[in-house]
Protein chains: 2
Amino acid sequence: MQNELLLKVAKIRGDTSVKEWVYQSLCELLLTGEFTPGMSITLRGIAEAFEVSPMPVRETVQRLVSEGALELTETRRICVAEINEDKFDEIFHARVSLEPKLASSALPSIDDKALKQIIDVDERLMRSIVEGDVEEYVRYNRQFHFLIYHHSPSVVLLPMVNSLWLQFSPFMRVVVGRVGTQVMMDHHESVIESISENDAQGLQKALYNNIFNRMIIVKDEIFSHDTPT
Amino acid sequence: MQNELLLKVAKIRGDTSVKEWVYQSLCELLLTGEFTPGMSITLRGIAEAFEVSPMPVRETVQRLVSEGALELTETRRICVAEINEDKFDEIFHARVSLEPKLASSALPSIDDKALKQIIDVDERLMRSIVEGDVEEYVRYNRQFHFLIYHHSPSVVLLPMVNSLWLQFSPFMRVVVGRVGTQVMMDHHESVIESISENDAQGLQKALYNNIFNRMIIVKDEIFSHDTPT
DNA sequence: TAATAAAATTTGTGATCACATTTTTAGTTT
DNA sequence: AAACTAAAAATGTGATCACAAATTTTATTA
């Protein structure tokens with residue numbers, strides 16, 4: 001593990017506490033899929049890699065265990081959460097229940113500049129699919145969603161959605177790598193149109209469909225073929 | 001704070017880690033409303049009250065902050081989460097989205113013995129309302145719900161619902177004390193009937209209605225009157 | 001050589017310490 | 001009595017230590 005991880009995360013900023021920096025860094029590694037499902041991590045390993053004491057790492061790991069992103073084994077070791085079909089179905093339900101609502105609560109705060117950013121990210125997302133660039137796909141897909149959600153004043157749904165993404169992103173990175181970007185072709189036109197027209201109901205429906213269809217594709221590709229994860 | 005808190009939580013059991021015991025104990029204090037919204041707590045205070053070192057308390061508090069049950073103030077002090085109307089609305093949406101689905105996933109595992117327990121708790125809940133016993137109301141209302149949910153094999157929705165209950169229970173305890181048990185009259189007949197008939201759709205609908213109506217009452221009683229919390 | 005046992009190392013956990021920041025208390029001034 | 005200031009205490013944070021349990025490595029035996 002060593003210092004390789006340090007190269008993959010942003011440097012700590014002036015007034016950021018060590019604990020918060022470790023948290024954000026671990027989140028990044030989970031969301032990008034650098035941490036893969038089932039991967040074992042250790043407190044001292046992370047502390048050493050990030051060149052900090054184990055204390056902030058311990059508290060951070062507790063947070064991530066609480067958020068379902070990390071799991072404790074029977075022998076109290078720590079590993080990255082794995083996703084089976086039942087868990088996938090639960091995440092599926094939670095996503096389609098919470099994300100559309102979250103997006104509509106973000107709508108009032110999405111101005112023209114933000115919309116332009118969202119459109120820009122969507123174009124990059126499309127390009128990543130065409131070019132078969134898995135890392136880019138994962139990054140821009142997440143950015144597309146969170147450029148919207150982060151405009152919401154939410155203090156309940158947003159953390160819940162965050163924890164869902166922490167839980168399934170390592171798995172999704174593996175999935176997209178396995179099935180290819182092409183099958184994940186994403187149609188965001190109606191999402192973007194609803195945003196530009198300030199249509200909250202339309203946005204909820206568009207995003208519901210978008211999430212539903214993406215998740216169905218994964219479910220079909222990974223679990224219906226009885227492919228081992 | 002001192003040792004009063006110790007008297008209000010279960011003793012630690014043999015193979016329970018200190019950290020887990022502290023977590024369960026703090027959860028209990030939140031769920032019963034012993035910890036009230038906005039209440040300040042300190043790591044050393046809890047450690048002293050529970051007669052443990054601050055270490056397990058720190059890790060536990062991180063979990064609870066992550067779960068939204070505790071919050072950090074601007075000056076990095078720790079307090080019990082408060083609920084304003086926006087937050088209440090978010091919790092409302094999350095509850096009606098997740099709890100019915102969770103209940104239906106519990107249904108296959110609810111046998112006659114469990115159903116009998118649920119009916120028993122419902123009767124105690126009714127009695128608490130009639131007798132105006134706020135503590136009992138809070139306890140049996142929670143038990144009613146979780147006797148159902150804990151039969152679910154859920155690993156995603158159940159922790160999410162748990163964290164929702166941790167977030168709003170201190171608030172609800174205050175609410176019920178303020179408005180009285182009578183206004184919280186709860187009709188669980190259709191919930192129980194759906195369970196006894198093994199009717200998953202009916203259970204989802206009954207529970208949705210139950211939660212919806214309870215939350216609407218609170219919203220009306222507390223926020224429409226502009227009563228300060 | 002393979003299996004087993006013992007030793008060494010790793011790992012998570014709880015305890016303790018020191019430090020920077022925040023809050024409270026005590027003393028002084030108006 | 002109210003306001004202000006300084007000192008003391010409290011608080012969260014990061015660092016470090018020691019211990020029990022789990023895992024890995026090494027040595028011994030069949």
Side-chain angles (χ1 to χ4, degrees), chain A residues 1-6 9 11-27 29 35 38-81, chain B residues 1-6 9 11-27 29 35 38-81:
Chain A
M1 194 179 283
Q2 293 304 353
N3 284 3
E4 303 166 10
L5 290 188
L6 254 193
V9 298
K11 297 288 182 185
I12 186 171
R13 296 186 175 196
D15 63 343
T16 306
S17 71
V18 172
K19 181 165 63 178
E20 194 57 35
W21 172 63
V22 171
Y23 177 73
Q24 287 165 4
S25 300
L26 289 183
C27 284
L29 294 169
F35 283 178
M39 174 176 166
S40 180
I41 69 173
T42 64
L43 298 172
R44 291 181 173 100
I46 298 290
E48 187 177 329
F50 286 4
E51 296 171 1
V52 297
S53 90
M55 264 315 311
V57 177
R58 289 174 64 169
E59 298 191 12
T60 293
V61 162
Q62 286 305 305
R63 286 178 72 178
L64 291 168
V65 167
S66 232
E67 289 170 336
L70 300 179
E71 294 177 334
L72 298 183
T73 67
E74 290 189 356
T75 55
R76 290 188 173 176
R77 296 300 157 97
I78 304 157
C79 65
V80 179
Chain B
M1 194 180 282
Q2 293 303 351
N3 284 2
E4 302 166 9
L5 290 187
L6 254 193
V9 297
K11 297 287 183 186
I12 186 172
R13 296 186 177 193
D15 63 341
T16 306
S17 71
V18 173
K19 182 166 61 176
E20 195 57 35
W21 172 64
V22 172
Y23 177 73
Q24 286 164 7
S25 299
L26 289 183
C27 283
L29 294 168
F35 283 179
M39 174 178 168
S40 180
I41 69 172
T42 64
L43 298 173
R44 291 181 174 101
I46 298 289
E48 186 177 329
F50 286 3
E51 296 171 3
V52 297
S53 91
M55 265 315 310
V57 178
R58 288 174 64 169
E59 297 190 13
T60 292
V61 163
Q62 285 305 305
R63 286 179 71 176
L64 290 168
V65 167
S66 231
E67 289 169 336
L70 300 179
E71 294 177 335
L72 297 183
T73 67
E74 291 189 353
T75 55
R76 290 187 173 176
R77 296 303 155 100
I78 305 157
C79 65
V80 178

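Lettering of chains follows the sequences in order, A, B, ..., and the numbering in each one begins at 1. All of these numbers come straight from a predicted model, not from anything done at the bench.
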| query | Nearest heavy-atom pair of A/Gly38 and A/Cys79: which atoms, and what distance? | reply | O-CB, 3.8 Å
| Of A/Ser53 and B/Leu43, the one whose closest DNA chain D nucleotide lies more 5' | B/Leu43
| Do side-chain atoms of A/Ser66 reach the backbone of B/Ser66 as a donor and acceptor pair under 3.5 angstrom? | no
| said: Expressed as a whole number of angstroms, how long is the span from A/Gln62:CD to C/dT11:P? | reply: 17 Å
| field | Nucleotide interval of DNA chain D bounded by contacts with chain B (heavy-atom cut-off, under 4.0 Å) | value | D/dT11 to D/dG14
| query | Hey, does A/Thr16 have a side-chain heavy atom less than 4.5 Å from the side chain of A/Glu20? | reply | yes
| query | Can you check the B/Ile78 CD1 to C/dT21 P distance for me, whole Å? | reply | 18 Å
| task | Please tell me which of A/Thr73 and B/Arg58 maps to the more 5' nucleotide of DNA chain D, matching each residue to the nucleotide holding its nearest heavy atom. | result | B/Arg58
| Donor-acceptor pair, side chain of B/Thr60 and main chain of B/Lys19, under 3.5 angstrom | yes
| remark: To the nearest angstrom, the CZ-P distance between B/Arg76 and C/dC19 comes to 18 Å
| note | Minimal heavy-atom distance between B/Trp21 and B/Val9, with the atoms involved, is CZ2-CG2, 4.3 Å
| task | Rounded off to whole Å, could you give me the CD1-to-C1' distance for the A/Ile46 and C/dT11 pair? | result | 13 Å
| Are A/Tyr23 and A/Val57 close enough, and set up right, to give a side chain to side chain contact (heavy atoms under 4.5 Å, CB included), and what steps lead you there? | CA-CA 8 Å; A/Tyr23 177 73; A/Val57 177; over 6 Å; no
| message | So that I can tick it off, tell me whether A/Arg63 and B/Glu67 are bridged by a salt bridge, with the cut-off set at under 4.0 angstrom between side-chain N and carboxylate O. | response | no
Do any N or O atoms of the protein come closer than 3.5 Å to N or O atoms of nucleotides 5-10 of chain C, and which pairs are they?
none

| message | Can you give me the closest heavy-atom contact between A/Ala81 and A/Gly68, atom names plus distance? | response | CB-O, 3.3 Å
| said: What is the distance, to the nearest angstrom, from the CE atom on A/Met55 to the P atom on C/dG12? | reply: 14 Å
